[in-house]
Amino acid sequence: MNARIEDYALIGDEQTAALVGRDGSIDWLCLPRFDSGACFAKLLGDENHGHWRIAPEGAGVCTRRAYRPDTLVLDTEWETAEGTVRVTDLMPQRDRAPDVVRIVEGVSGHVTVHSTLRLRFDYGSIVPWMRRSDGHRVAVAGPDSVWLRTDPHVDMWGEDFGTHCEFTVAKGQQVAFVLTWHPSHQPRPPLVDPHEALSASVRDWRRWASRCHYDGPYRDAFVRSLITLKALTYAPTGGIVAAATTSLPEEPGGVRNWDYRYCWLRDSTFTLGALLSAGYHKEAEAWRDWLVRAVAGDPAELQIMYGLAGERRLPEWELPWLPGCAQSAPVRVGNGAVDQLQLDVYGEVMDSLSLARAGGLPTRPHMWAIQRSLMEFLASAWRQPDEGLWEVRGGRRQFVHSKVMVWVAADRAVRTLEEHPELRGDLDGWRAMRDEVHREVCEQGYDPRRNTFTQYYGSRELDAALLMIPLVGFLPPDDPRVTGTVDAIRADLDHGGLLRRYDTDAVGVDGMPGGEGAFLACSFWLAQALHATGREEEARGLFERLVGLTNDVGLLAEEYDPDLRCQVGNFPQAFSHIALVNTALTLFGGDQAG
C-alpha cells in the first residue's frame, strides 16, 4: 500500500472530490463528477496510474497538516533544513469547469519545491497527449482535456511521461498552480484567480459551518462530519454519495472491494435526521427532493441505490490494469447490488418522507401519491425473502432487519394518515399489515432460549442492524428482548471493542470469501442503543473511542481494523459521519441542536 487510507485528506467542490496524501500527492481524483473516470488513480495502483505531487525536493511525509477551521481548505507544511514551506489545497466552487488550486508559500528560509504531474485518464489506463498553449500545459485524450498553469509562470519540462517543474520560495513568496478540466471539444474555460478562489472558499465554508445549531461536546468532530457530508453532496441534484472512492478494501488483500460513488436509499433517514437536527434545512430539502425524484416510477422496480442524478443503470465491471489498494483486487466500477431486492429500503423511504414532513420541509404535490404507491406494492411483497441491508451475495433470506423496516413503512404510513386525515390511503389495511409484521418478527425472528433477535428467521446468527429495533420504535428500549439483543450483539459481534456487521464466517450468508473490519456505523448504533437502554456511561465511552478513530484531519472510512490498527473500506464514508452526528445528538441532548 502506497499509504494508509487514513493518511489522506479530502478536498472537493460538491461535484467531485480529491484525496491528498501526507506526502503532498493527490492520488485520487475523478473528473468531472464523483462517478467519472479517475485521472489520478495511484490510490488503487502506483505512480504510473496518475498522481500529482507537490513537495520540497527530497522530502517525505509532511511535518504537519490541518484544515483551516470550519473549511475544506487544507494546509500541509514541511519543515526542512533550508526552511519551512506550506502547500494549500482546495477545489473552489465551480462556475463552469472543475478546478484544483494548489498554492505554495514560503514560511521561512529558502525551500526548493518540486512538482510532478502524471495525468492518466480512464482510471490510469490512458496517457494523454501533452502540448503547450497560451501559457498552459494541456493534456488531451478523447473527451478529456486538462489545462495546467502557474502564477507566476514557472518553467516546466516533460520526463518519464510526466510534467515536472522546480522552483525556490522564500518567506512570503507564493507560486499558485491551477489545474482545470473541461471537455476536449470545447474552448478553454475562463481562468480562475487562485488567490481569490482561496479567499472565497474560506469565507463560504465558514459561513456555511456557522449555521450549525449544535453546541454540545465534540463540536469540532460534529462540524467536520457535516462539512464532509456537504463535500460528498452532488450540488446540482442534492444527492449524497456514500463515499468518494471505489474499491478501497474492507480487508487488505481481500476481494470485498466495492464502488461507493453512488447514492444509497438506506442512508436517507439518517441523513435527513442529521441535517434537520443540525439546522441545515436547505440541504435536507435538496436530499429529500433527490429521493422523491429517484424513487418515482413503478414501486416494484425500486432500487437500493441510484446515480448522482438518479440514474438507474450502474453496471458492475472490473479494471484488470489496476492492482488495487494494498494489492486488493479486483478493482470494481459500478455496483451489481443495484439489482438486488432489499425490502428495508421501502421502510427507509417512508420513514424519510415522514421525517421530512414532521421536520417542516415543504411538501411536494406528488409525494404522498408516491408513498401510497410504495405501500400498495409492499402490502403484497413484504413476505418475500431479500438480500437485506448488507447486500449479501449468498442468496435471499428472510432477514429480520428487512421485516422490521417493513413494519416501519407501515407504521409511518398509518401515523401520516392519522395526523393528516385529508390524505387518502388504506388506513385499516396498513394497520393490519403493521400488526401482522410485528407478530411474525417476534415469533420467527426471535430466539427465546438466547433472548435475542436473530439475523434471519430460524438462524442462530446475529446482525448489528438489529440494534435499530429500539431506535425505530419497533419495541421500547426497556423490553427484555431489546436488552437481550443488545447484549448478545455486543458479545458475539465484538471486534476489539467495536462491532462487526455480522459473522462473515457463517456458511453461505454473504457468499464472499475473507473477512472485514469493524463497521463504524454499527459501532455508533451500539452507543445509541446503550444510551437508550440506560447505560449512559458506557455509551459515552464508546462514542469517545469512536471519535478518537478519526484521522488527523477528522475523517472516517467505512470500517476500522482493530488488529491492524488502521481504517479500511471506502473513504471518507458518509454513513460513518452521519452516524457520528446522529449519535452526538442522541447522547448529548436535543436541546443542543435544532
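Computed from a predicted structure; not experimentally measured.
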Closest non-hydrogen contact found for Trp290 with Leu265 is CZ3-CD2, 4.0 Å
Walk me through whether Arg206 and Asp70 qualify under salt bridge (Lys or Arg N to Asp or Glu O under 4.0 Å). CA-CA 5 Å; Arg206 287 180 175 164; Asp70 290 350; over 6 Å; no
Under 3.5 Å, is there a donor-acceptor pair between the side chain of Gln567 and the main chain of Ala557?
yes
Is there a side chain to side chain contact (heavy atoms under 4.5 Å, CB included) between Trp208 and Leu226? Walk through the geometry before answering. CA-CA 10 Å; Trp208 186 86; Leu226 288 175; 4.0 Å; yes
_Under 3.5 Å: donor-acceptor pair, side chain of Tyr262, backbone of Asp35_ = no
Just by modelled atom types, is the Leu530 backbone N or O under 3.5 Å from a matching donor or acceptor in the Thr533 side chain? yes
Hey, are the side chains of Leu248 and Val568 touching, using non-hydrogen atoms and a 4.5 Å cut-off? no
Ring centres under 6.0 Å, that's the criterion: do Phe543 and Phe588 meet it? yes
Candidate pair Lys403 and Leu343, rule side chain to side chain contact (heavy atoms under 4.5 Å, CB included), full reasoning
CA-CA 7 Å; Lys403 304 305 184 190; Leu343 292 172; 3.9 Å; yes
query: Going by atom types only, do Thr269 and Glu348 share a side-chain donor-acceptor pair under 3.5 Å?
result: no
For Leu44 and Ser247 the tightest heavy-atom approach is CD2-O, 4.1 Å
Mark yes or no for whether Asp99, through its side chain, and Val101, through its backbone, hold a donor-acceptor pair below 3.5 Å.
no
For the CG atom on Asp193, are there more than 12 heavy atoms of other groups (residues, nucleotides or ligands in this structure) within a distance under 6.0 Å? yes
Discussion item. Closer than 3.5 angstrom, by distance alone: can the side chain of Arg501 be matched with the main-chain N or O of Cys522 as a donor-acceptor pair?
Written reply: no
Q. Hey, are Arg256 and Glu558 close enough for a salt bridge, meaning a charged N less than 4.0 Å from a carboxylate O?
A. no
Salt bridge (Lys or Arg N to Asp or Glu O under 4.0 Å) assessment of Asp259 paired with Arg332: CA-CA 6 Å; Asp259 193 347; Arg332 295 181 173 94; over 6 Å; no
| message | Determine whether a donor-acceptor pair (N or O, by modelled atom type, separation under 3.5 Å) exists between the side chain of Arg261 and the backbone of Ser36. | response | yes
Salt bridge (Lys or Arg N to Asp or Glu O under 4.0 Å) with Asp75: of Arg65, Arg68, Arg102, only one passes, and it is Arg68
Gln371 and Leu353 have their tightest heavy-atom pair at CG-CD1, 3.5 Å
Given 3.5 Å as the limit, does a donor-acceptor pair link the side chain of Arg415 with the main chain of Ala410, or not?
no
Smallest heavy-atom separation, Val241 atom then Cys263 atom, equals N-SG, 4.2 Å
Quiz item: Should Glu516 and Arg500 count as an ion pair when the cut-off is N to O under 4.0 Å?
Solution: no
query = With distance as the sole test, does Thr550 use its side chain to make a donor-acceptor pair with the main-chain N or O of Val547 at under 3.5 Å?
reply = yes
Self-check item: Under 3.5 Å donor-acceptor, His577 side chain and Leu556 backbone
Solution: yes
query: Should Arg393 and Gln340 be marked as a side chain to side chain contact (heavy atoms under 4.5 Å, CB included) after you check the CA-CA gap, both sets of side-chain angles, and the distance that decides it?
result: CA-CA 9 Å; Arg393 302 196 177 195; Gln340 291 186 351; 4.1 Å; yes
When you look at Val441 and Val406, which way does the side chain to side chain contact (heavy atoms under 4.5 Å, CB included) test go after all the steps? CA-CA 10 Å; Val441 169; Val406 167; over 6 Å; no
| said: Under a 4.0 Å threshold between the charged nitrogen and the carboxylate oxygen, would Glu536 count as salt-bridged to Arg540? | reply: yes
Does any N or O in the side chain of Ser523 come within less than 3.5 Å of the main-chain N or O of Leu499, such that one atom is a donor and the other an acceptor?
yes
* To do: Tell me whether the centres of the aromatic rings in Trp390 and Phe519 are closer together than 6.0 Å.
  => yes
Check: Is it the case that more than 12 heavy atoms not belonging to Asp95 sit under 6.0 Å from its CG atom?
Finding: no
Residues Val178 and Val192: closest non-hydrogen pair is CG2-O, 4.2 Å
With no hydrogens and no angle check, do the side chains of Trp264 and Gln342 hold a donor and an acceptor under 3.5 Å apart?
no
Legend entry - Side-chain touch Phe399/Leu389, heavy atoms, less than 4.5 angstrom: no
| field | Six-ring centre of Tyr306, Arg293 cation under 6.0 angstrom, axis tolerance 45° | value | no
Tightest non-hydrogen contact, residues Val223 and Ala209, listed as CG1-CB, 4.1 Å
Does a side-chain N-to-carboxylate-O contact under 4.0 Å join Asp344 and Arg266? no
Leu43 and Tyr8, any side-chain heavy atoms less than 4.5 Å apart: yes
Note to self: Can a side-chain donor-acceptor contact be found between Asn335 and Trp258 if the only test is distance below 3.5 angstrom?
What the structure shows: no
